[in-house]
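Report on the structure given below.
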Amino acid sequence: EPHDPERDKVIVSKGHATMGLYPILADIGFFSNEELKKYGTREGILRVFGNTSIPGIDSTTGSLGHGQGIGAGFAYTAKKDNRKQKTYVIISEGEMYEGSVWETALFASHQKLDNLILILDRNRKIILGDTEDCLKLSPIDQKWEAFGWETHEVDGHSIDELKKVFKKVKNKNGKPKIIIAN
């Protein structure tokens, strides 16, 4: 329901990947399917990087590391207002090089934001090469657990695994969640 004030939020922190959300937003009625054909043109509303001028895009992103903080703000507000709303934030593993990601991880855990779900696109790549060669991130699950997060690891290409994990993360246990999608 595009106009439901309690609808879940989705933030694509790695702004260059926002276009993957556009067909879904068209399918659920935020704008017509005709807009998809005008992607990236002056006549259309869909941009390479999503911004809040596009219906269904709740946050302008692009600077890596900021989407998670924005998502934590949405989740915090929903929790304080006793809304059932969940906030999903898709991050890249290169964003884990940013201090703001870890500051937000601490904040979300402290505030018991169990309505905040991160999806980490774990492809081991950033513009400079393999993340493990540039700056070792493993073991990612243990790092997030140490910050008080509930962690799940899945094959990011398996629809079945993703469906199962999205059902699991709906629990209210006082912990923010991260899905590591390999």
Side-chain angles (χ1 to χ4, degrees), residues 1-79 81-96 98 100-101 104 108 113 115-127 131 152 154-170 176-182:
E1 296 296 325
H3 304 291
D4 182 351
E6 292 201 26
R7 70 175 172 76
D8 291 344
K9 305 273 189 190
V10 177
I11 298 168
V12 183
S13 186
K14 48 188 241 162
H16 57 280
T18 304
M19 68 179 123
L21 196 55
Y22 295 159
I24 297 165
L25 293 174
D27 284 349
I28 59 178
F30 279 93
F31 45 79
S32 75
N33 280 317
E34 290 301 309
E35 280 299 329
L36 298 173
K37 295 175 186 171
K38 297 186 262 181
Y39 168 75
T41 67
R42 290 179 192 220
E43 298 78 37
I45 62 172
L46 306 178
R47 303 286 168 246
V48 175
F49 281 78
N51 65 60
T52 56
S53 71
I54 301 167
I57 301 298
D58 296 305
S59 174
T60 301
T61 58
S63 295
L64 295 180
H66 293 176
Q68 183 183 340
I70 295 166
F74 285 147
Y76 179 77
T77 301
K79 199 162 194 64
D81 291 347
N82 292 313
R83 288 181 286 162
K84 296 177 188 173
Q85 181 180 72
K86 295 198 178 319
T87 301
Y88 298 84
V89 182
I90 301 167
I91 67 171
S92 67
E93 62 200 295
E95 290 180 76
M96 291 175 47
E98 303 293 335
S100 59
V101 166
T104 302
L113 299 182
N115 58 341
L116 176 63
I117 299 103
L118 294 187
I119 300 100
L120 172 63
D121 177 7
R122 176 72 163 136
N123 62 10
R124 299 178 58 105
K125 299 289 179 214
I126 61 171
I127 199 165
T131 53
H152 300 271
V154 299
D155 174 351
H157 296 278
S158 170
I159 299 298
D160 289 336
E161 284 187 41
L162 288 165
K163 282 181 181 179
K164 286 177 190 172
V165 77
F166 280 119
K167 286 180 185 172
K168 283 184 189 176
V169 298
K170 291 186 184 239
K177 287 95 170 124
I178 183 167
I179 300 166
I180 302 163
N182 293 305

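Numbering of residues begins at 1 and proceeds along the displayed sequence.
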The single option from Val154, Ile180, Ile117 passing side-chain contact (heavy atoms from CB on, under 4.5 Å) against Val165: Val154

Over all heavy atoms of both residues, which pair between Leu36 and Pro23 is shortest? Give the atoms and the distance, please. CD2-N, 3.9 Å

Between Gln85 and Glu6 the two heavy atoms that sit nearest each other are CB-O, 3.6 Å

Phe74: what forms a ring-ring contact (aromatic ring centres under 6.0 Å, His included) with it, not counting sequence neighbours? none

Closest approach of Ser32 and Ala26, non-hydrogen atoms and distance? O-CB, 4.2 Å

Show every donor-acceptor pair shorter than 3.5 Å between a side-chain atom in residues 42-50 and any protein atom, with sequence neighbours excluded, or say none if there are none.
residue: Glu43; atom: OE1; partner: Thr41; partner atom: OG1; Å: 3.4
residue: Arg47; atom: NH1; partner: Thr41; partner atom: O; Å: 3.0
residue: Arg47; atom: NH1; partner: Gly44; partner atom: O; Å: 3.3
residue: Arg47; atom: NH2; partner: Gly44; partner atom: O; Å: 3.0

Hey, are Ser92 and Glu95 close enough side-chain-wise for a donor-acceptor pair under 3.5 Å? yes

Residues, nucleotides or ligands: over 12 heavy atoms within 6.0 Å of Lys37 NZ: no

Drop me the distance from Met96's CE to Gln68's CD, to the nearest 0.5 angstrom. 9.5 Å

In short, salt bridge (charged side-chain N to carboxylate O under 4.0 Å, His left out) pairs touching residues 56-74 with sequence neighbours left out are Arg7-Asp58, Lys9-Asp58

Mind checking whether His66 and Thr61 have side chains closer than 4.5 Å, heavy atoms only? no

What one should report as the nearest heavy-atom pair of Leu116 and Ala108 is CD2-CB, 3.8 Å

With a 4.5 Å limit on heavy-atom distance, are the side chains of Arg83 and Thr77 in contact? yes

Nearest non-hydrogen partners of Asn115 and Ala78, listed with the distance: ND2-CB, 3.8 Å

Heavy atoms only: give me the nearest Val89-Gly71 pair and the separation to one decimal. CG2-CA, 3.9 Å

Before you tell me yes or no, could you show the steps for Thr87 and Ile70 under side chain to side chain contact (heavy atoms under 4.5 Å, CB included), namely the whole-Å CA-CA distance, both residues' side-chain angles and the distance that decides it to 0.1 Å? CA-CA 10 Å; Thr87 301; Ile70 295 166; over 6 Å; no

Which side-chain hydrogen bond (donor to acceptor under 3.5 Å, both in side chains) pairs, counting each pair once, include a residue from residues 14-25, with sequence neighbours left out? Lys14-Asp121

Sequence neighbours left out, what pairs pass side-chain hydrogen bond (donor to acceptor under 3.5 Å, both in side chains) with at least one residue falling in residues 154-166? none

Say you draw a straight line from OG1 of Thr104 to CG of Leu118; how long is it, rounded to the nearest 0.5 Å? 9.0 Å

Going through the distances and angles, do Ile54 and Phe31 end up as a side chain to side chain contact (heavy atoms under 4.5 Å, CB included)? CA-CA 9 Å; Ile54 301 167; Phe31 45 79; 4.1 Å; yes

Student check: side-chain heavy atoms of Val169 and Lys86 closer than 4.5 Å: no

I need the Ile91 CD1 to Glu98 CD distance, nearest 0.5 Å. 11.0 Å

Under 3.5 Å donor-acceptor, Glu93 side chain and Leu120 backbone: no

For residues Ile119 and Phe166, determine if any side-chain heavy atom of one lies less than 4.5 Å from a side-chain heavy atom of the other. yes

Kindly state each residue pair satisfying salt bridge (charged side-chain N to carboxylate O under 4.0 Å, His left out) with at least one member in residues 17-32, sequence neighbours excluded. none

